[in-house]
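What follows is one structure encoded as C-alpha cells, with my remarks underneath.
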Amino acid sequence: MIQLLFTLIFAEMALIIIFVFKTPLRKLVIMGLDRLKRGRCPIIVKTVAGTVFVVMMSTIYSVASIHTRWVDEGGDITPTDQILLAQHLLEASLMGN
C-alpha cells in the first residue's frame, strides 16, 4: 500500500514540475488532461476517490482500535502495536496529502 502511495506522490511531483516549466511536454499534458475530463474519467475519479476514502477510514479505525486497546490496558503499548501504529499513521498521512 505504501509503495502505491509513494508512486502517486512522485507522479504528482512530476506533473507539478512539468507545469512549472514551459516546454512542449506541458502542452501535451494539458491536452491529455483536458481530454480525460471529457470522457469517462469523472466516473473513474469518483471510484478511485471512494476507494481511497474507504481505505483511509479503515486506517483511521485501526489506529483508533490500537489507541483504545492501549488506553484500556493502562500500561505500555506492545512493540507490535507500536510498529502497526506507526505503519497506519504513515499510510494515513500519505493519503491525506
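Bear in mind the structure is a predicted one, so any value in this text is a computation, not a measurement. All values below were derived from every heavy atom in this structure, side-chain atoms included, with hydrogens, water molecules and symmetry-related copies excluded.
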(message) How long is the straight-line distance from CZ of F19 back to CG of L25, given to the nearest 0.5 Å?
(response) 9.5 Å
(message) Return the OH to OG1 distance between Y61 and T68, rounded to the nearest 0.5 Å.
(response) 8.5 Å
(message) I'd like to know if I17 and I30 are part of one continuous hydrophobic network [Ile/Leu/Val/Met/Phe/Trp/Tyr, side-chain heavy atoms within less than 4.5 Å].
(response) no
(request) Return the minimal non-hydrogen interatomic distance between I18 and V29, and the atom names on each side. (result) CG2-CG2, 3.9 Å
(message) Quick check: do M13 and I16 have side-chain heavy atoms less than 4.5 Å from each other?
(response) no
(request) Output the distance between atom CD1 (I60) and atom CD (E91), rounded to the nearest 0.5 Å. (result) 11.5 Å
(request) With rounding to the nearest 0.5 Å, note down the distance linking CG in L84 to CG in L89. (result) 11.0 Å
(message) Let me confirm one number: the CD1-CD distance from I66 to Q82, rounded to the nearest 0.5 Å.
(response) 10.5 Å
(request) Without swapping roles, check the side chain of T59 against the backbone of V55 for a donor-acceptor pair under 3.5 Å. (result) yes
(request) Nearest 0.5 Å please: distance from the NE2 atom of H67 over to the OG atom of S62. (result) 14.5 Å
